[in-house]
Amino acid sequence: MSPRQALYDLARRFVAPIFAPLYGGMASILVFHRVVEPRPGTRPGWVREIEIEPDLIVRLIERLRSTGHELVSLDEVHEALVQRRKPRAKLVTLTFDDGYVDAYTTILPLLTSHDVPFTVYLTTDFPDRRVAPWWYLLDERLSRSRTLEVRIHGREISCPAETPRQIEAAFARIGALLDAGSPSDRWALAAEVFGADEVARAMDALFLSWD
């Protein structure tokens, strides 16, 4: 038995029963954001952690079905709760937050091919193009240089970005400035740092459109 399998078996025997009262109901709602292929290199955790690989979604579906779970829509979960109907199997529904374009390009064909319903919670400012995706623009900038140099609020800021710790620190420092203020303030700051054309390109590449 591998160390990983031994740890899994230990958790299943001794840890799972502790959480059973919390996670042992009739249904589970699994929350995701983006489904994309991994990008190589060191990346800030804040960005990396909202992504999951398509292959892992497929493996999750296969695992849930092999353990007797039923993958259903959010409406079916709601109906079971309202009717106080105990389902034949534990229900699982998948949701994807925000409205990234991969909800259409990746998630829709992937889950349709596996006959799995899902829900997208749409942040309407995404298709309205009112949100500047500074977190991905900053992630891209960090991937291209060992030193992050930006001009923000009219002053030059330079951060080392060579080691994982430096990348996290640079992302946190500049991100805190870019995420401050009103939506229009954040858009203006992103345009100042990355350029208005680059912000527009990123919005079109990352976000769903209303079409």
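Here the structure is a predicted model, which is why all the values come from computation and not from measurement. Hydrogens, waters and symmetry mates play no part in the numbers below; they use all other heavy atoms, side chains included.
Rounded to the nearest 0.5 angstrom, Phe207 CZ and Tyr100 OH are separated by 6.0 Å. The distance from the CG atom of Leu108 to the CZ atom of Phe118 is 5.0 Å, given to the nearest 0.5 Å. Here the straight-line distance linking atom CD of Glu37 with atom CD of Glu53 works out to 6.5 Å at 0.5 Å rounding. With values rounded to the nearest 0.5 angstrom, Leu56 atom CG is found 14.0 Å from Arg63 atom CZ. Summarising the geometry, atom CG belonging to Asp98 is positioned 11.5 Å from atom CG belonging to Asp125; distances are rounded to the nearest 0.5 Å. Between the CD atom of Glu162 and the CD atom of Gln166 there is a distance of 6.5 Å, given to the nearest 0.5 Å.
In this structure, a donor-acceptor pair under 3.5 Å is absent between the side chains of Asp102 and Thr105.
Using a 4.0 Å cut-off between charged nitrogen and carboxylate oxygen, Arg141 and Glu198 do not count as a salt-bridge pair. Using a 4.0 Å cut-off between charged nitrogen and carboxylate oxygen, Asp204 and Arg129 count as a salt-bridge pair. Here Arg59 pairs with Asp55 in a salt bridge; the nearest charged N to carboxylate O distance falls below 4.0 Å.
Heavy-atom minimum distance, Leu91 versus Ala80: CD1-CB, 4.1 Å. The two residues Ser158 and Thr147 come nearest to each other via the heavy atoms OG-CG2, 3.3 Å. For Ser73 against Pro117, the heavy-atom pair with the smallest separation is N-CG, 3.3 Å. The two atoms that bring Cys159 and Ile174 nearest to each other are SG-CD1, 4.3 Å, heavy atoms only. Taking each heavy atom of Pro160 and Ala170 in turn, the nearest pair found is O-CB, 4.1 Å.
Between Leu30 and Leu60, some side-chain heavy-atom pair lies under the 4.5 Å cut-off. Side-chain contact between Asp197 and Arg201: absent, with no pair of heavy atoms (C-beta onward) separated by less than 4.5 Å. When side chains are defined from C-beta on, His69 does not count as touching Ser28, because their heavy atoms never get closer than 4.5 Å. Within the 4.5 Å cutoff, the side chain of Leu206 has heavy atoms near those of the Arg34 side chain. With contacts defined as side-chain heavy-atom distances shorter than 4.5 Å, the pair Phe171/Leu142 qualifies. Using a 4.5 Å heavy-atom cutoff, the side chains of Leu189 and Leu177 are not in contact. A heavy-atom distance below 4.5 Å is found between the side chains of Arg173 and Ile157. For the pair Ile152 and Leu178, the minimum side-chain heavy-atom distance is below 4.5 Å.
Of the possible donor and acceptor atoms, one in the side chain of Glu192 sits under 3.5 Å from a partner among the backbone N and O of His153. Side-chain atoms of Asp139 do not come within 3.5 Å of backbone N or O of Tyr136 as any donor-acceptor pair. Judged by distance alone, with hydrogens and angles left aside, the side-chain atoms of Thr123 form no donor-acceptor pair with the main-chain N or O of Phe126 at under 3.5 Å. Side chain of Arg43 to backbone of Arg48: no donor-acceptor contact under 3.5 angstrom is found.
In summary, of the residues considered (Leu94, Val116, Val77), a side chain to side chain contact (heavy atoms under 4.5 Å, CB included) with Val72 occurs for Val77 alone.
Under a hydrophobic-cluster definition in which Ile, Leu, Val, Met, Phe, Trp and Tyr are linked whenever side-chain heavy atoms come within less than 4.5 Å, directly or via other members, Ile52 and Tyr104 are assigned to the same cluster. At a threshold of 4.5 Å between side-chain heavy atoms, the hydrophobic network of Ile, Leu, Val, Met, Phe, Trp and Tyr places Met203 and Val131 in one connected group. By the criterion of side-chain heavy atoms lying less than 4.5 angstrom apart, applied directly or through intervening Ile, Leu, Val, Met, Phe, Trp or Tyr residues, Val31 is not grouped with Val92; the two fall into different hydrophobic clusters. Cluster membership for Ile50 and Ile167, using ILVMFWY side-chain heavy atoms within less than 4.5 angstrom, is shared. Cluster membership check: Val120 shares its hydrophobic cluster with Leu110, using side-chain heavy-atom separations under 4.5 Å among Ile, Leu, Val, Met, Phe, Trp and Tyr.
Taking the six-membered ring where the residue is Trp, Trp135 and Trp46 present perpendicular rings, their angle passing 60° and hence far from 30°.
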For this session: Apply side-chain contact (heavy atoms from CB on, under 4.5 Å) to the pair Arg65 and Ile61, showing each step before the final yes or no.
Result: CA-CA 6 Å; Arg65 283 177 168 160; Ile61 292 168; 3.7 Å; yes
For this session: Determine, stepwise, if the pair Trp210 / Thr124 fulfils side-chain contact (heavy atoms from CB on, under 4.5 Å).
Result: CA-CA 9 Å; Trp210 283 116; Thr124 56; 4.0 Å; yes
Exercise. Do Leu138 and Leu148 pass the side-chain contact (heavy atoms from CB on, under 4.5 Å) test, and can you show the C-alpha distance, the side-chain angles, and the key distance before you say yes or no?
Worked result: CA-CA 9 Å; Leu138 189 55; Leu148 177 66; 3.8 Å; yes
For this session: Take Thr106 and Val36 through the side-chain contact (heavy atoms from CB on, under 4.5 Å) test and state the conclusion after the steps.
Result: CA-CA 8 Å; Thr106 302; Val36 292; 5.7 Å; no
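Arg39 CZ: more than 12 foreign heavy atoms inside a 6.0 Å radius. For His114, the NE2 atom sits in a packed shell: over 12 heavy atoms of surrounding residues, nucleotides or ligands are nearer than 6.0 Å.
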